[in-house]
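So the structure is just underneath, and the comments pick up after that.
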Amino acid sequence: MMLLAGEDLAEALTRERSARLAAEAACRKKEEFIAAFSHELGTPLASAIVAATLIERLSPADPRAVTARHVLGRQLDQARRLVEDLLDLERVTTGTLELAAERVEVAQLARDSVAAIIVPTHEIRIEASPAWVVGDPHRLRQIIGNLITNAIKHTPAGGHLSLRVFHDDGAVVHRVDDTGRGMPADLVRRVLDALAQGEAPGGQPSRLGLGLSVVRILVELHGGRVEALSEGLGRGSSFIVRLPAAPTL
Amino acid sequence: MSKIAPTPWDEAAENPAPGEHVVQMYRDPELLIGVVARYCQQGLVKGEAVVIIATEDHRAAFARKLAALGADVPACTRRGQYVDLDAHQCLAEFMIDGAPDRERFVAAVTPHLDNARRAGYERIRLYGEMVEVLRPTAFAAAMRLEELWHELLEREAQPLLCAYQIDPLDRLEGRTLVPAIAQRHSHVVPADDAPRFARAVERAFLEVFGADADTTVLRQLCERYRPHTTTMPPTQAVLLNLDELNPYLGDAVRAAAAAYYRAGG
């Protein structure tokens, strides 16, 4: 066994202490993540349970049952997306996420992605000029889907959403704007991180930015970048994704 | 769908229409004193008679508060416009084997209404807390007494205000007592501070079900799930119906709402 001299011992103790603090911080972050994820998954499941009970107890033709069926579908889909996002984060962490590299026409892909999201509560306007990128069509659809569902989630019923796809300075830009709750400046800076949490107006519960983190990671894996904008609470939000345009053939 | 009162909730307790049977739920006894005193004052000002059946402490507190609001209570009492009776003594007149007897109840209460009419007051406001005296130890008897009051009000076409010191956001009281009490009244005022109560329940709903657009839709579905004949704030109707749909989630909303209410809504 090697004995450490005084200075070496002090250095070893300092290293040990900082390693311990880092491990404790990582552990706390993991606990926070699990708590936030459980809450985030629990809310669509709670809505789905109530919707399912309403469907069970009301006559199938009752308009309330019809509405409850739509709620059930959307909430289960939200829960599924959340689990999918979590798995994707895990795949990125373990280096097992594989991306296809195909030429993809993103204007049509954007229209298809929005059409797959049924939202009678919001109006979604799409303006998309033909544009090509090289990437994984499934993941590109996921990027748009996550941005749109995030906007729906944070925009009260009756609000407006828009998705624009256009060329700008050698990049293909996807811009999602909403008239929703918006974000304070400090949240705008953190919202694309997996544990970003913010409080909605009225002190509603904090939330996990899992879907937006997945967007950031996928965009970066495609060689692009994403930016969040908001002029503050109650003033809507914008998310701008810039992907390298595919070389012309 | 639950009937939604078009006026603020304190209005329901302070200015009921003839035949209405309003219940005020409260935590803070001071709140009750204020509500009942304003209820009485509004009646006195309008030239109505007021008949109070309350505990000794409350009778004294109501009279003090009424005086502070500008009412000449001794003069009103002398001319038969203000009658205050002891709840325990009244109960003793009609309770048999732990349950209220219909005939004796009618015989105990109607003479006071007849006296007020003889004194020239056709409109009579009633306030009763015999039910709250019974509630902690004899809840079934209290509910039976509510039914007897209901029958009396239908015949007499006079309004009655009742009060219970219970918390609709408490798990046990909210899930068991509130539905039974609500069913036996025409109007429910569920808390000391109705707007704070509504805010607390709405925030709790968002906490449990998420803050997306579907939550608004779901809250409306819960509110309209089971029509109530009692008029109550939409948030109280949501709590009652959610308990029927899923008591576990009803408890979760109630617990979160209680925390928000304590924090100011």
Side-chain angles (χ1 to χ4, degrees), chain A residues 39-58 62-79 82 118-122 149-159 161 178 180-181 198-208, chain B residues 1-2 169 175 193 195-228 234-235 237-265:
Chain A
H39 180 262
E40 199 82 339
L41 185 60
T43 55
L45 292 180
S47 300
I49 288 167
V50 171
T53 311
L54 284 164
I55 293 164
E56 183 190 319
R57 295 193 187 171
L58 297 170
D62 190 317
R64 294 171 299 173
V66 176
T67 307
R69 278 199 291 277
H70 291 146
V71 170
L72 176 65
R74 286 194 295 268
Q75 294 298 316
L76 288 179
D77 191 51
Q78 192 182 317
L82 198 66
I118 306 158
V119 270
T121 48
H122 294 79
T149 48
N150 174 72
I152 291 167
K153 194 169 181 179
H154 298 288
T155 303
L161 277 62
D178 67 55
R181 297 187 178 99
E199 206 178 28
Q204 285 147 27
S206 57
R207 58 196 60 265
L208 196 64
Chain B
M1 191 183 351
S2 305
L169 299 180
R175 209 201 263 184
D193 184 337
R196 183 170 156 192
F197 178 86
R199 282 197 307 274
V201 174
E202 278 168 14
R203 288 178 66 181
F205 207 82
L206 293 173
E207 181 170 320
V208 173
F209 294 100
D212 65 19
D214 269 344
T215 307
T216 309
V217 177
L218 199 69
R219 198 177 55 214
Q220 287 164 353
L221 286 173
C222 285
E223 185 194 321
R224 294 167 190 171
Y225 164 59
R226 185 168 168 271
H228 293 274
T235 41
V238 165
L239 284 179
L240 289 177
N241 286 345
L242 188 57
D243 274 337
E244 282 202 30
L245 290 164
N246 189 300
Y248 170 78
L249 290 170
D251 283 347
V253 170
R254 205 177 284 107
Y260 284 127
Y261 191 89
R262 279 195 297 274

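Throughout, a chain's letter reflects where its sequence line sits, starting with A, and its residues are numbered from 1.
- In this structure, the side chain of Arg74(A) does not engage the main chain of Asp214(B) through any donor-acceptor pair within 3.5 Å.
- Of the atoms belonging to Leu58(A), it is side-chain heavy atoms, and not backbone ones, that fall under 4.5 Å from chain B.
- Interatomic distance, OG1 of Thr215(B) versus CD of Gln75(A), reported as 6.0 Å (0.5 Å rounding).
- Annotation: maximal heavy-atom pairing with chain A below 4.5 Å, among Leu242(B), Leu221(B), Asn246(B), occurs at Leu221(B).
- Using a 4.5 Å heavy-atom cutoff, the side chains of Arg64(A) and Gln220(B) are not in contact.
- With chain B as the partner, the residue from Thr53(A), Thr155(A), Asp62(A) showing the most heavy-atom pairs under 4.5 Å is Thr53(A).
- The shortest non-hydrogen separation linking Glu244(B) to Arg57(A) is O-NH1, 2.8 Å.
- Using a 4.5 Å cut-off between heavy atoms, Gln78(A) contacts chain B through its side chain alone, with no backbone atom that close.
- Within the 4.5 angstrom heavy-atom criterion, only side-chain atoms of Leu218(B), from C-beta onward, approach chain A.
- Of all non-hydrogen atoms in Phe209(B) and Thr43(A), the two that sit nearest each other are C-CB, 3.5 Å.
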